[in-house]
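Notes for the one structure printed next.
In listed order, ligands and their atoms are each counted from 1. Any value given below was found using the heavy atoms of this structure, including those in side chains, with hydrogens, waters and symmetry copies removed.
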Amino acid sequence: MSAESLNPREIALQQFEKAADIMKLDPGLKEILSKPKIQVTVSVPVEMDDGSVKVFTGHRVIYNIARGPGKGGIRFHPAVTLDEVTALAEWMTWKTAVVNIPFGGAKGGIAVDPSKLSVGEIERLTRRYTAEIIKIIGPEEDVPAPDVNTGPREMAWIMDTYSMHIGRTENAVVTGKPGVLGGSRGRPEATGRGVYYVAMRAAEHKGINLVGAKIAIQGFGNVGSHAALFLHEHGAKIVAVSDATGAVFAKGDRIDIPTLFEKVQETKSVVKAAAGMSDVEIVENVKEGNLRVLTADVDILIPAALENSITSDIMKDIKAQVIIEAANGPTTPVAEEYLVSKGKLIVPDIYANAGGVTVSYFEWVQNRQGFYWTLEEVRERLKIIMDQSFDDIVRMMNEYDVPMREAAYILAISRVAEVTRMRGLYA
Ligand code: NAD
């Protein structure tokens with residue numbers, strides 16, 4: 001079996017074990033950190049619009065809370081399994097630790113295709129799922145957030161259901177809420193903004209001037225489009241972008257990203273958005289467009305769409321010197337090993353896309369204080385955290401002489417391990 005087709009839980013455990021072995025982690029701590037703290041599977045009965053009843057299966061996994069409450073999204077997707085949710089909860093544990101915010105890691109999900117449900121059915125599903133997991137979530141226990149196919153609307157329902165159960169309004173139980181319910185300023189842009197801050201540091205590290213650097217971005221959704229916008233404003237040249245509808249390439253110096261960004265908000269497609277623009281080439285074939293974006297002659301490549309985009313099939317054609325993993329898991333282990341051996345810098349997902357969870361943390365802090373920050377304050381504080389984490393990871397790269405992914409894992413694991421060791425084992 002190729003490494004590309006491994007179960008996510010196995011991949012997560014392999015990554016953990018590799019780093020744990022390099023850092024010679026104490027065997028007892030290794031045993032503790034390789035297991036989830038709590039796994040809950042619930043049946044979620046929902047009355048459908050036609051009066052029938054369907055029972056969906058949901059999970060919530062709290063992987064680790066040594067450093068603070070659980071933190072992680074809730075996804076609605078037919079492929080959700082307990083193994084997948086556990087792997088994602090483990091990754092959240094390392095993600096919060098790598099940026100040193102006082103949270104653990106958690107994740108939730110329901111095996112459902114929400115596009116087949118009405119809004120009313122989705123609301124009843126979300127509220128009943130919340131009621132089923134209510135004993136383990138809470139501002140001090142575990143704080144959910146949006147993930148695949150969930151957003152501010154679902155977070156509002158979760159917050160309301162939780163508040164009804166405890167008899168008062170508690171908005172710090174979830175993050176990613178609508179602004180009027182206590183959502184943070186700058187949350188929608190946060191992950192892309194974080195990717196921009198990461199790009200500044202990664203370019204500097206590789207001796208690339210970000211002003212004028214050529215960049216290709218796969219995925220022009222929340223993360224990819226915001227990263228593109230901030231990088232363009234900084235003076236970088238975004239020359240290639242793709243999404244699920246095709247790809248767009250600059251015929252001249254760079255793509256006019258602010259115009260594309262604006263139009264994509266209405267059209268939801270880079271192909272449709274670029275239709276009226278001058279100096280661009282449009283490729284409607286998704287496969288061909290993606291391949292050309294990923295192998296474009298650029299300095300920096302930002303995969304911001306899907307997992308397993310950079311595989312052994314295309315690794316030899318990648319020209320970028322820096323790959324910033326805005327998406328989760330875009331590079332397969334085989335491709336990573338090859339690219340690193342060619343001297344390329346792969347900035348790992350657990351750090352590269354941590355801007356989102358960092359601003360989620362800011363949202364939780366603001367909710368608990370009842371005091372709200374300006375957009376500028378959010379951006380400034382996010383930059384401080386992303387910069388500090390970059391320095392911390394580079395320190396580990398030098399200390400252990402390892403690539404950036406292992407360094408980020410070593411940093412994260414050492415933070416969780418230190419807290420676990422100091423607290424000792426309650427018996
Ligand atoms: P999104 O749904 O807003 O955007 C996804 C983009 O990928 C869209 O432009 C879509 O068209 C594109 N896409 C889908 N299939 C594609 C294909 N076959 N080829 C090319 N493009 C394709 O999602 P998002 O929030 O921007 O998330 C993107 C990635 O970043 C995911 O891996 C997600 O897990 C990760 N991430 C997101 C956040 C966040 O705050 N939104 C935080 C951390 C990590």
Side-chain angles (χ1 to χ4, degrees), residues 8 71-77 79-80 84-85 87-88 91-92 94-96 98-99 105 107 109 114-115 144-152 155 175-176 183-184 186-196 198 216-229 240-248 260-261 263-265 267-274 283-294 296 301-311 314 324-331 347-363 382 386:
K71 186 90 199 80
I74 290 172
R75 64 173 54 176
F76 290 174
H77 194 275
V80 162
E84 183 198 54
V85 174
L88 293 165
W91 280 317
M92 285 306 298
W94 312 135
K95 198 178 282 193
T96 55
V98 88
V99 286
K107 204 81 178 192
S115 69
D147 196 73
V148 176
N149 291 328
T150 62
M155 298 308 112
T175 58
S184 179
R187 179 61 188 89
E189 68 172 39
T191 308
R193 185 92 191 162
V195 168
Y196 159 56
V198 170
I217 304 181
Q218 183 202 31
F220 208 74
N222 175 278
V223 179
S225 68
H226 280 106
L229 195 62
V241 299
S242 65
D243 71 5
T245 66
V248 177
L260 191 73
F261 182 93
K263 290 192 174 175
V264 162
Q265 308 310 311
T267 60
K268 308 286 176 214
S269 151
V270 292
V271 166
K272 283 188 194 152
V283 175
E284 288 197 43
N285 181 317
V286 176
K287 203 169 168 206
E288 183 200 330
N290 261 319
L291 185 65
R292 280 185 53 190
V293 166
L294 294 169
L301 172 63
I302 305 181
L306 307 168
E307 65 280 1
N308 297 337
S309 295
I310 302 173
T311 63
I314 63 161
I324 300 175
E325 293 189 333
N328 284 316
T331 318
V347 185
D349 46 10
I350 59 165
Y351 165 63
N353 65 36
V357 75
T358 302
V359 176
S360 276
Y361 160 57
F362 294 164
E363 181 171 326
L382 175 61
M386 297 309 287

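Checked by distance only, ligand 1 and Asn222 come closer than 3.5 Å through their nitrogen or oxygen atoms. Considering backbone and side-chain atoms alike, Ala244 places an N or O below 3.5 Å from some N or O of ligand 1. Considering backbone and side-chain N/O of Asn290, one or more are found under 3.5 Å from N/O of ligand 1. Distances between N or O atoms of Phe220 and those of ligand 1 include at least one value under 3.5 Å.
Residue, atom and distance of the protein heavy atom nearest to atom 28 (C) of ligand 1 are Ala304 O, 3.3 Å. Looking at atom 27 (O) of ligand 1, its nearest protein heavy atom turns out to be Val223 CG2, 3.8 Å. Looking only at heavy atoms of the protein, atom 18 (N) of ligand 1 is closest to Leu306 CD1, 3.5 Å. Nearest protein heavy-atom contact of atom 4 (O) of ligand 1 is Gly221 CA, 3.2 Å. The protein heavy-atom contact nearest to atom 33 (C) of ligand 1 is Asn328 ND2, 4.1 Å. If you check which protein heavy atom lies closest to atom 31 (C) of ligand 1, you get Ala305 O, 3.6 Å.
Looking only at distances, no side-chain donor or acceptor of Glu284 sits under 3.5 Å from a matching main-chain atom of Gly246. Checked by atom type and distance alone, the side chain of Asp147 never pairs as donor or acceptor with a backbone atom of Gly72 at under 3.5 Å. Judged by distance alone, the side chain of Tyr351 and the main-chain N or O of Glu325 form no donor-acceptor pair under 3.5 Å. Of the possible donor and acceptor atoms, none in the side chain of Asn149 sits under 3.5 Å from a partner among the backbone N and O of His77. A donor-acceptor contact shorter than 3.5 Å is absent between the side chain of Thr175 and the backbone of Glu363.
Looking only at atom types and distance, the side chain of Gln218 has a donor-acceptor partner in the side chain of Asn290 under 3.5 Å away.
Taking both residues in full, the closest heavy atoms of Gly355 and Leu382 are given as CA-CD1, 3.8 Å, listed atom of the first, atom of the second, then distance.
When heavy-atom distances to ligand 1 are checked against a 4.0 Å cut-off, Thr191 comes that close only through its side chain, counted from C-beta outward. Contact annotation: for Thr245 versus ligand 1, there are no heavy atoms closer than 4.0 Å. Residue-level proximity to ligand 1 for Ala190 is absent, since no heavy atom of it falls below 4.0 angstrom. Looking at Arg187 against ligand 1, only its side chain comes within 4.0 Å, counting heavy atoms. Using a 4.0 Å cut-off between heavy atoms, Pro330 makes no contact with ligand 1 at all.
When each of Phe220, Tyr196, Phe261 is paired with His226, the side-chain contact (heavy atoms from CB on, under 4.5 Å) condition holds for Phe261 and for no other.
Distance remark: protein heavy atom present below 4.0 angstrom from atom 21 (N) of ligand 1. Counting only heavy atoms, the protein never gets under 4.0 Å from atom 2 (O) of ligand 1.
Between Leu88 and Asn328, the closest side-chain pair of non-hydrogen atoms is not below 4.5 Å. When side chains are defined from C-beta on, Ile310 counts as touching Pro303, because their heavy atoms get closer than 4.5 Å. Lys272 places none of its side-chain heavy atoms less than 4.5 Å from the side chain of Thr245.
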